[in-house]
Chemist: 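What follows is a single structure, and I will ask about it in a moment.
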Amino acid sequence: MKQTVQVIRILCIGFACLFASQSYAAELPDAKTIQAAVDKAYKDYKTLAEGANADYIPALAKVDPNLYGIALVTADGKLYKAGDLATEVSIQSISKVFTMAKVINESGVNSIYDNMGVDATGQVFNSIVAIEQNQGAEMNPLVNPGAIATTSMVKGGDGKAVWDSILNYYSDFAGRQLSVLDDIYQSEAATNQRNQALAMLMKAYGHIEGNALEATDIYTRQCSVGVNAKDLAVMAATLANGGKNPISGKTLVKAEDVPEILAVMATAGLYDDAGKWLYKTGLPAKSGVGGGIIAVSPGKFGVAVISPPLDPAGNSVRAQKAIADISNALGGNPYQIIPH
Ligand code: GLU
(Lines give C-alpha, C1' and ligand atoms only; values in the text may rest on other atoms or scores of the structure.)
Protein backbone atom coordinates (compact mmCIF):
# COMPACT_ATOMS: atom_id res chain seq x y z
CA MET A 1 0.00 0.00 0.00
CA LYS A 2 2.79 2.38 1.03
CA GLN A 3 4.57 1.59 -2.23
CA THR A 4 1.43 2.32 -4.33
CA VAL A 5 1.04 5.71 -2.61
CA GLN A 6 4.69 6.42 -3.35
CA VAL A 7 4.26 5.52 -7.05
CA ILE A 8 1.14 7.72 -7.31
CA ARG A 9 3.04 10.62 -5.68
CA ILE A 10 5.92 10.26 -8.12
CA LEU A 11 3.48 10.15 -11.05
CA CYS A 12 1.70 13.28 -9.77
CA ILE A 13 4.98 15.17 -9.38
CA GLY A 14 5.95 14.05 -12.90
CA PHE A 15 2.74 15.39 -14.42
CA ALA A 16 3.03 18.65 -12.44
CA CYS A 17 6.55 19.15 -13.77
CA LEU A 18 5.41 18.39 -17.30
CA PHE A 19 2.66 21.00 -17.16
CA ALA A 20 4.80 23.55 -15.33
CA SER A 21 7.42 23.32 -18.06
CA GLN A 22 4.84 23.85 -20.80
CA SER A 23 4.38 27.24 -22.38
CA TYR A 24 0.98 28.72 -21.70
CA ALA A 25 1.01 30.70 -24.90
CA ALA A 26 -1.30 28.84 -27.29
CA GLU A 27 0.41 26.93 -30.10
CA LEU A 28 -0.08 28.01 -33.71
CA PRO A 29 -3.15 26.42 -35.30
CA ASP A 30 -2.88 23.89 -38.15
CA ALA A 31 -1.86 24.75 -41.71
CA LYS A 32 -5.44 24.93 -43.01
CA THR A 33 -6.43 27.45 -40.35
CA ILE A 34 -3.37 29.61 -41.05
CA GLN A 35 -4.04 29.65 -44.81
CA ALA A 36 -7.72 30.43 -44.16
CA ALA A 37 -6.77 33.44 -42.01
CA VAL A 38 -4.42 34.72 -44.73
CA ASP A 39 -7.06 34.21 -47.46
CA LYS A 40 -9.74 35.93 -45.40
CA ALA A 41 -7.61 39.01 -44.73
CA TYR A 42 -6.75 39.19 -48.42
CA LYS A 43 -10.40 39.00 -49.46
CA ASP A 44 -11.71 41.31 -46.73
CA TYR A 45 -9.46 44.23 -47.69
CA LYS A 46 -8.83 43.69 -51.39
CA THR A 47 -11.34 46.33 -52.44
CA LEU A 48 -10.66 48.73 -49.57
CA ALA A 49 -9.77 52.06 -51.15
CA GLU A 50 -8.56 54.15 -48.22
CA GLY A 51 -5.30 56.06 -47.93
CA ALA A 52 -2.88 57.43 -50.49
CA ASN A 53 0.61 56.60 -51.74
CA ALA A 54 3.43 58.62 -50.21
CA ASP A 55 4.43 61.35 -52.64
CA TYR A 56 7.17 63.31 -50.86
CA ILE A 57 9.52 60.94 -52.70
CA PRO A 58 8.16 61.52 -56.24
CA ALA A 59 8.72 57.93 -57.50
CA LEU A 60 6.58 56.48 -54.70
CA ALA A 61 3.51 58.28 -56.02
CA LYS A 62 3.82 56.29 -59.26
CA VAL A 63 3.64 52.84 -57.63
CA ASP A 64 0.41 50.92 -58.38
CA PRO A 65 -1.91 51.52 -55.40
CA ASN A 66 -3.77 48.26 -56.10
CA LEU A 67 -0.68 46.16 -55.43
CA TYR A 68 -1.59 43.88 -52.51
CA GLY A 69 0.35 40.87 -51.28
CA ILE A 70 0.37 38.95 -48.01
CA ALA A 71 2.99 36.44 -46.86
CA LEU A 72 3.36 34.66 -43.54
CA VAL A 73 6.37 32.49 -42.74
CA THR A 74 6.33 30.40 -39.59
CA ALA A 75 9.34 30.21 -37.29
CA ASP A 76 9.97 26.74 -38.73
CA GLY A 77 9.95 28.04 -42.29
CA LYS A 78 6.50 27.27 -43.77
CA LEU A 79 5.11 29.86 -46.20
CA TYR A 80 1.46 30.93 -46.45
CA LYS A 81 0.50 33.52 -49.04
CA ALA A 82 -2.21 35.43 -50.87
CA GLY A 83 -2.16 38.01 -53.63
CA ASP A 84 0.89 39.52 -55.30
CA LEU A 85 4.13 37.99 -54.10
CA ALA A 86 6.19 38.90 -57.15
CA THR A 87 6.10 42.69 -57.41
CA GLU A 88 8.84 44.54 -55.54
CA VAL A 89 8.42 47.83 -53.71
CA SER A 90 11.14 49.80 -51.96
CA ILE A 91 11.73 48.56 -48.43
CA GLN A 92 12.04 52.15 -47.09
CA SER A 93 11.94 52.43 -43.30
CA ILE A 94 11.63 48.68 -42.77
CA SER A 95 15.33 48.61 -43.68
CA LYS A 96 16.08 50.47 -40.43
CA VAL A 97 15.33 47.31 -38.44
CA PHE A 98 17.93 45.31 -40.32
CA THR A 99 20.64 47.95 -40.19
CA MET A 100 20.02 48.16 -36.45
CA ALA A 101 20.34 44.36 -36.32
CA LYS A 102 23.61 44.58 -38.24
CA VAL A 103 25.11 47.17 -35.89
CA ILE A 104 23.96 45.21 -32.84
CA ASN A 105 25.44 42.07 -34.35
CA GLU A 106 28.76 43.81 -35.03
CA SER A 107 29.05 46.05 -31.98
CA GLY A 108 26.62 44.76 -29.34
CA VAL A 109 23.30 45.98 -27.94
CA ASN A 110 24.92 48.83 -25.99
CA SER A 111 26.22 50.46 -29.17
CA ILE A 112 22.74 51.58 -30.19
CA TYR A 113 21.61 52.29 -26.62
CA ASP A 114 24.64 54.50 -25.97
CA ASN A 115 24.54 56.43 -29.24
CA MET A 116 21.05 57.54 -30.32
CA GLY A 117 19.15 55.67 -27.60
CA VAL A 118 16.01 53.57 -27.65
CA ASP A 119 13.17 55.89 -26.73
CA ALA A 120 10.17 56.97 -28.76
CA THR A 121 10.50 60.65 -29.68
CA GLY A 122 6.84 61.65 -29.70
CA GLN A 123 7.71 63.51 -32.90
CA VAL A 124 7.44 62.64 -36.59
CA PHE A 125 10.05 60.30 -38.10
CA ASN A 126 12.08 63.08 -39.71
CA SER A 127 11.80 65.63 -36.93
CA ILE A 128 14.50 68.22 -36.34
CA VAL A 129 12.86 69.14 -33.03
CA ALA A 130 13.44 65.55 -31.84
CA ILE A 131 17.18 66.05 -32.35
CA GLU A 132 17.18 69.42 -30.64
CA GLN A 133 15.27 68.15 -27.60
CA ASN A 134 18.21 66.04 -26.41
CA GLN A 135 21.08 66.97 -28.71
CA GLY A 136 20.61 63.87 -30.82
CA ALA A 137 20.27 61.41 -27.93
CA GLU A 138 17.13 59.89 -26.34
CA MET A 139 15.72 58.81 -29.68
CA ASN A 140 15.95 55.47 -31.53
CA PRO A 141 17.28 53.76 -34.68
CA LEU A 142 13.86 53.73 -36.38
CA VAL A 143 13.45 57.49 -36.86
CA ASN A 144 15.50 59.09 -39.62
CA PRO A 145 18.20 60.83 -37.55
CA GLY A 146 18.78 57.71 -35.46
CA ALA A 147 18.62 55.50 -38.56
CA ILE A 148 21.21 57.52 -40.49
CA ALA A 149 23.46 57.51 -37.42
CA THR A 150 22.94 53.72 -37.21
CA THR A 151 23.96 53.33 -40.86
CA SER A 152 27.10 55.39 -40.11
CA MET A 153 28.03 52.82 -37.43
CA VAL A 154 28.19 49.85 -39.83
CA LYS A 155 31.72 48.47 -40.03
CA GLY A 156 33.47 47.86 -43.31
CA GLY A 157 35.94 50.55 -44.31
CA ASP A 158 34.97 52.75 -47.25
CA GLY A 159 31.44 53.61 -48.38
CA LYS A 160 31.32 50.92 -51.05
CA ALA A 161 32.38 48.18 -48.64
CA VAL A 162 29.81 49.35 -46.06
CA TRP A 163 27.07 49.43 -48.66
CA ASP A 164 27.96 45.97 -50.00
CA SER A 165 27.89 44.51 -46.52
CA ILE A 166 24.50 46.09 -45.76
CA LEU A 167 22.98 44.77 -48.99
CA ASN A 168 24.43 41.30 -48.39
CA TYR A 169 23.09 41.30 -44.86
CA TYR A 170 19.56 42.19 -46.02
CA SER A 171 19.87 39.51 -48.72
CA ASP A 172 20.77 36.93 -46.09
CA PHE A 173 17.67 37.90 -44.13
CA ALA A 174 15.48 37.55 -47.24
CA GLY A 175 17.25 34.37 -48.40
CA ARG A 176 17.94 35.69 -51.89
CA GLN A 177 20.08 38.39 -53.52
CA LEU A 178 18.31 41.75 -53.25
CA SER A 179 19.10 44.87 -55.26
CA VAL A 180 18.31 48.59 -55.37
CA LEU A 181 15.31 49.90 -57.33
CA ASP A 182 17.20 52.56 -59.21
CA ASP A 183 14.25 54.83 -60.07
CA ILE A 184 13.36 55.05 -56.37
CA TYR A 185 16.98 55.69 -55.37
CA GLN A 186 17.41 58.45 -57.97
CA SER A 187 14.14 60.08 -56.98
CA GLU A 188 14.92 60.02 -53.26
CA ALA A 189 18.56 61.05 -53.71
CA ALA A 190 17.41 64.11 -55.65
CA THR A 191 14.99 65.17 -52.90
CA ASN A 192 16.62 64.07 -49.60
CA GLN A 193 17.94 67.46 -48.45
CA ARG A 194 15.98 67.18 -45.21
CA ASN A 195 17.66 63.87 -44.40
CA GLN A 196 21.03 65.47 -45.17
CA ALA A 197 20.19 68.25 -42.72
CA LEU A 198 19.21 65.70 -40.04
CA ALA A 199 22.48 63.86 -40.59
CA MET A 200 24.55 67.06 -40.35
CA LEU A 201 22.86 67.91 -37.05
CA MET A 202 23.53 64.41 -35.74
CA LYS A 203 27.15 64.89 -36.78
CA ALA A 204 27.28 68.28 -35.04
CA TYR A 205 26.08 66.63 -31.81
CA GLY A 206 28.67 63.87 -32.07
CA HIS A 207 26.47 60.93 -33.07
CA ILE A 208 28.07 60.34 -36.47
CA GLU A 209 31.80 59.74 -36.61
CA GLY A 210 32.45 59.62 -40.35
CA ASN A 211 31.07 61.58 -43.29
CA ALA A 212 27.41 62.45 -42.56
CA LEU A 213 26.47 63.00 -46.20
CA GLU A 214 27.99 59.67 -47.22
CA ALA A 215 26.00 57.99 -44.44
CA THR A 216 22.86 59.70 -45.77
CA ASP A 217 23.57 58.41 -49.27
CA ILE A 218 24.06 54.85 -48.01
CA TYR A 219 20.87 55.22 -45.97
CA THR A 220 19.01 56.39 -49.10
CA ARG A 221 20.27 53.32 -50.96
CA GLN A 222 19.19 50.99 -48.16
CA CYS A 223 15.68 52.51 -48.28
CA SER A 224 15.54 51.87 -52.05
CA VAL A 225 16.18 48.11 -51.87
CA GLY A 226 13.44 46.21 -53.70
CA VAL A 227 11.48 43.57 -51.79
CA ASN A 228 8.33 41.55 -52.34
CA ALA A 229 5.95 40.36 -49.63
CA LYS A 230 7.68 36.99 -49.33
CA ASP A 231 11.10 38.61 -48.86
CA LEU A 232 9.74 40.75 -46.05
CA ALA A 233 7.98 37.79 -44.41
CA VAL A 234 11.18 35.71 -44.42
CA MET A 235 13.06 38.68 -42.93
CA ALA A 236 10.43 38.99 -40.19
CA ALA A 237 10.39 35.22 -39.63
CA THR A 238 14.15 35.31 -39.07
CA LEU A 239 13.51 37.61 -36.11
CA ALA A 240 10.59 35.39 -35.00
CA ASN A 241 13.03 32.47 -35.06
CA GLY A 242 15.59 34.07 -32.73
CA GLY A 243 17.79 35.56 -35.45
CA LYS A 244 18.18 32.41 -37.58
CA ASN A 245 16.69 32.42 -41.09
CA PRO A 246 14.25 29.48 -40.89
CA ILE A 247 14.67 28.64 -44.57
CA SER A 248 18.43 28.99 -45.15
CA GLY A 249 19.37 28.06 -41.59
CA LYS A 250 21.84 30.98 -41.45
CA THR A 251 22.18 32.80 -38.12
CA LEU A 252 22.16 36.57 -38.65
CA VAL A 253 21.76 37.95 -35.14
CA LYS A 254 22.52 36.24 -31.85
CA ALA A 255 19.32 34.91 -30.27
CA GLU A 256 20.07 36.82 -27.07
CA ASP A 257 20.15 40.12 -29.01
CA VAL A 258 16.78 39.68 -30.73
CA PRO A 259 14.64 40.92 -27.77
CA GLU A 260 16.28 44.35 -27.92
CA ILE A 261 15.54 44.63 -31.65
CA LEU A 262 11.92 43.62 -31.11
CA ALA A 263 11.61 46.06 -28.20
CA VAL A 264 12.55 49.02 -30.39
CA MET A 265 10.11 47.82 -33.08
CA ALA A 266 7.37 47.60 -30.45
CA THR A 267 7.89 51.13 -29.17
CA ALA A 268 8.69 52.95 -32.41
CA GLY A 269 7.82 50.73 -35.38
CA LEU A 270 4.63 52.38 -36.64
CA TYR A 271 5.49 56.08 -36.43
CA ASP A 272 3.12 58.04 -34.21
CA ASP A 273 0.65 55.13 -34.09
CA ALA A 274 3.10 52.64 -32.55
CA GLY A 275 1.14 52.68 -29.27
CA LYS A 276 -2.21 52.10 -30.93
CA TRP A 277 -0.75 49.27 -32.98
CA LEU A 278 0.78 47.57 -29.94
CA TYR A 279 -2.47 47.97 -28.04
CA LYS A 280 -4.40 46.20 -30.79
CA THR A 281 -1.94 43.45 -31.70
CA GLY A 282 0.91 43.21 -29.19
CA LEU A 283 3.26 42.66 -32.13
CA PRO A 284 6.65 44.28 -32.70
CA ALA A 285 6.36 45.66 -36.23
CA LYS A 286 7.82 48.13 -38.70
CA SER A 287 6.24 49.99 -41.55
CA GLY A 288 7.74 51.85 -44.47
CA VAL A 289 6.43 54.59 -46.75
CA GLY A 290 6.76 52.17 -49.69
CA GLY A 291 3.62 50.46 -48.34
CA GLY A 292 5.10 47.44 -46.57
CA ILE A 293 4.63 46.40 -42.96
CA ILE A 294 6.37 43.52 -41.20
CA ALA A 295 5.29 42.11 -37.85
CA VAL A 296 6.87 39.48 -35.64
CA SER A 297 5.13 37.01 -33.35
CA PRO A 298 8.17 35.73 -31.41
CA GLY A 299 8.62 31.98 -31.74
CA LYS A 300 5.62 31.71 -34.03
CA PHE A 301 5.75 33.65 -37.29
CA GLY A 302 6.80 36.67 -39.29
CA VAL A 303 4.14 38.26 -41.46
CA ALA A 304 4.36 40.93 -44.15
CA VAL A 305 1.85 42.81 -46.23
CA ILE A 306 2.55 45.18 -49.11
CA SER A 307 -0.10 47.72 -50.11
CA PRO A 308 1.09 51.25 -50.96
CA PRO A 309 -1.78 53.53 -49.82
CA LEU A 310 -0.93 54.99 -46.38
CA ASP A 311 -3.00 56.54 -43.60
CA PRO A 312 -2.15 60.00 -42.22
CA ALA A 313 0.38 58.47 -39.78
CA GLY A 314 2.27 56.94 -42.74
CA ASN A 315 1.25 53.30 -42.26
CA SER A 316 -0.27 51.13 -45.00
CA VAL A 317 -4.03 50.96 -44.43
CA ARG A 318 -4.62 47.47 -45.79
CA ALA A 319 -1.42 46.07 -44.25
CA GLN A 320 -2.39 47.15 -40.73
CA LYS A 321 -5.85 45.65 -41.00
CA ALA A 322 -4.73 42.42 -42.65
CA ILE A 323 -1.88 41.76 -40.20
CA ALA A 324 -4.02 42.56 -37.15
CA ASP A 325 -6.78 40.19 -38.31
CA ILE A 326 -4.38 37.37 -39.22
CA SER A 327 -2.44 37.61 -35.97
CA ASN A 328 -5.54 37.82 -33.82
CA ALA A 329 -7.02 34.78 -35.63
CA LEU A 330 -3.82 32.79 -34.97
CA GLY A 331 -3.17 33.84 -31.36
CA GLY A 332 -0.10 35.80 -32.42
CA ASN A 333 -0.20 38.38 -29.61
CA PRO A 334 2.74 37.47 -27.33
CA TYR A 335 0.97 38.97 -24.32
CA GLN A 336 -2.00 36.64 -24.73
CA ILE A 337 -1.48 33.82 -22.25
CA ILE A 338 -3.72 30.94 -21.21
CA PRO A 339 -3.98 31.23 -17.39
CA HIS A 340 -2.64 28.35 -15.24
N1 GLU B 1 13.54 56.82 -47.21
C2 GLU B 1 12.47 57.39 -46.45
C3 GLU B 1 12.90 58.69 -45.81
O4 GLU B 1 13.99 58.78 -45.35
C5 GLU B 1 12.03 56.40 -45.41
C6 GLU B 1 10.86 56.90 -44.64
C7 GLU B 1 9.97 55.83 -44.14
O8 GLU B 1 9.73 54.81 -44.75
O9 GLU B 1 9.44 56.11 -43.05
O10 GLU B 1 12.19 59.64 -45.79
Side-chain angles (χ1 to χ4, degrees), residues 51-63 67 88-100 116 120-128 130-131 139-152 163 166-167 170 178 180-202 208 212-227 231-232 235-236 264-265 267-274 277 285-295 304-317 319-320:
N53 283 26
D55 58 6
Y56 76 100
I57 299 168
L60 293 182
K62 296 187 196 139
V63 177
L67 169 61
E88 293 180 358
V89 296
S90 51
I91 187 169
Q92 295 297 342
S93 263
I94 300 170
S95 68
K96 294 167 179 169
V97 170
F98 300 96
T99 303
M100 163 175 51
M116 73 292 301
T121 63
Q123 305 285 343
V124 291
F125 70 98
N126 58 2
S127 169
I128 285 169
I131 302 177
M139 58 168 74
N140 66 76
L142 301 185
V143 290
N144 286 13
I148 298 168
T150 303
T151 299
S152 79
W163 165 243
I166 290 175
L167 185 62
Y170 292 4
L178 301 175
V180 164
L181 300 175
D182 199 52
D183 57 331
I184 305 279
Y185 169 69
Q186 296 299 342
S187 178
E188 184 161 350
T191 54
N192 70 350
Q193 290 75 23
R194 186 182 178 95
N195 283 341
Q196 292 177 0
L198 298 175
M200 290 305 273
L201 263 182
M202 290 299 276
I208 292 181
L213 295 183
E214 184 177 66
T216 311
D217 182 57
I218 296 173
Y219 163 82
T220 305
R221 273 177 213 279
Q222 78 175 48
C223 287
S224 309
V225 168
V227 282
D231 295 329
L232 289 176
M235 294 171 96
V264 180
M265 293 169 72
T267 52
L270 260 70
Y271 307 110
D272 289 353
D273 281 350
W277 171 261
K286 183 71 199 91
S287 63
V289 292
I293 299 186
I294 61 167
V305 175
I306 291 177
S307 168
L310 311 178
D311 68 10
N315 300 308
S316 165
V317 179
Q320 288 176 83

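Both backbone and side-chain heavy atoms feed into the values below; hydrogens, waters and symmetry mates do not. Just so you know, ligand 1 is whichever comes first in the structure, and atom 1 is the first atom listed for that ligand.
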Chemist: Determine whether a donor-acceptor pair (N or O, by modelled atom type, separation under 3.5 Å) exists between the side chain of D55 and the backbone of P58.
Modeler: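 Absent.
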
Chemist: Short list, please: which atoms of ligand 1 are under 4.0 Å from a heavy atom of C223?
Modeler: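 Near C223, meaning under 4.0 Å from one of its heavy atoms, ligand 1 has 1 (N).
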
Chemist: Just which atoms of ligand 1 are under 4.0 Å from any heavy atom in Y271?
Modeler: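 Reading through ligand 1 atom by atom, the close ones are 7 (C), 8 (O), 9 (O).
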
Chemist: How close does the nearest protein non-hydrogen atom get to atom 6 (C) of ligand 1, and which residue and atom is it?
Modeler: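 Of every protein heavy atom, Y56 OH, 3.2 Å lies nearest to atom 6 (C) of ligand 1.
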
Chemist: With no hydrogens and no angle check, is any side-chain donor or acceptor of R194 less than 3.5 Å from a backbone partner on N126?
Modeler: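 Answer holds: yes.
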
Chemist: Heavy-atom contact under 4.0 Å between N126 and ligand 1?
Modeler: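 For ligand 1, residue contact (heavy atoms, under 4.0 Å) with N126 is absent.
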
Chemist: Are the side chain of T216 and the backbone N or O of A212 linked by a donor-acceptor pair below 3.5 Å?
Modeler: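 Answer holds: yes.
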
Chemist: Flag V289 as yes when one of its N or O atoms lies below 3.5 Å from any N or O atom of ligand 1, and as no otherwise.
Modeler: yes

Chemist: Return yes if a side-chain donor-acceptor contact under 3.5 Å exists between N144 and K96, otherwise no.
Modeler: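 The answer is yes; a qualifying pair exists.
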
Chemist: Between S316 and S307, is there a donor-acceptor pair closer than 3.5 Å when you use the side chain of the first and the backbone of the second?
Modeler: yes

Chemist: Within a distance under 4.0 Å of any heavy atom of Y219, pick out the atoms of ligand 1 and give their elements.
Modeler: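 Answer, ordered by atom number: 1 (N), 2 (C), 3 (C), 4 (O), 5 (C).
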
Chemist: Any nitrogen or oxygen of S93, side chain or backbone, less than 3.5 Å from one on ligand 1?
Modeler: yes

Chemist: How far is atom 2 (C) of ligand 1 from the closest protein heavy atom, and which atom is that?
Modeler: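 Among all protein heavy atoms, the one nearest atom 2 (C) of ligand 1 is Q92 OE1, 3.1 Å.
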
Chemist: Need the ligand 1 atom indices (1-based, order shown) with element for anything under 4.0 Å from a heavy-atom of F125.
Modeler: 6 (C), 9 (O), 10 (O)

Chemist: Between CG of L270 and CD1 of I293, what distance do you get to the nearest 0.5 Å?
Modeler: 5.0 Å

Chemist: Tell me if a side-chain donor or acceptor on Y170 pairs with a main-chain N or O of S95 at a distance below 3.5 Å.
Modeler: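 Yes; at least one donor-acceptor contact below 3.5 Å.
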
Chemist: With heavy-atom distances below 4.0 Å as the criterion, list the atoms of ligand 1 near G288.
Modeler: 8 (O)

Chemist: Indicate, as side chain, backbone, both or neither, the part of N144 found under 4.0 angstrom from ligand 1 when only non-hydrogen atoms are considered.
Modeler: side chain

Chemist: Give the atoms of ligand 1, by number and element, whose distance to some non-hydrogen atom of E188 is under 4.0 Å.
Modeler: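 Answer, ordered by atom number: 1 (N), 2 (C), 3 (C), 4 (O).
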
Chemist: Output yes when a side-chain donor or acceptor of N53 lies under 3.5 Å from a complementary backbone atom of L60, and no otherwise.
Modeler: yes

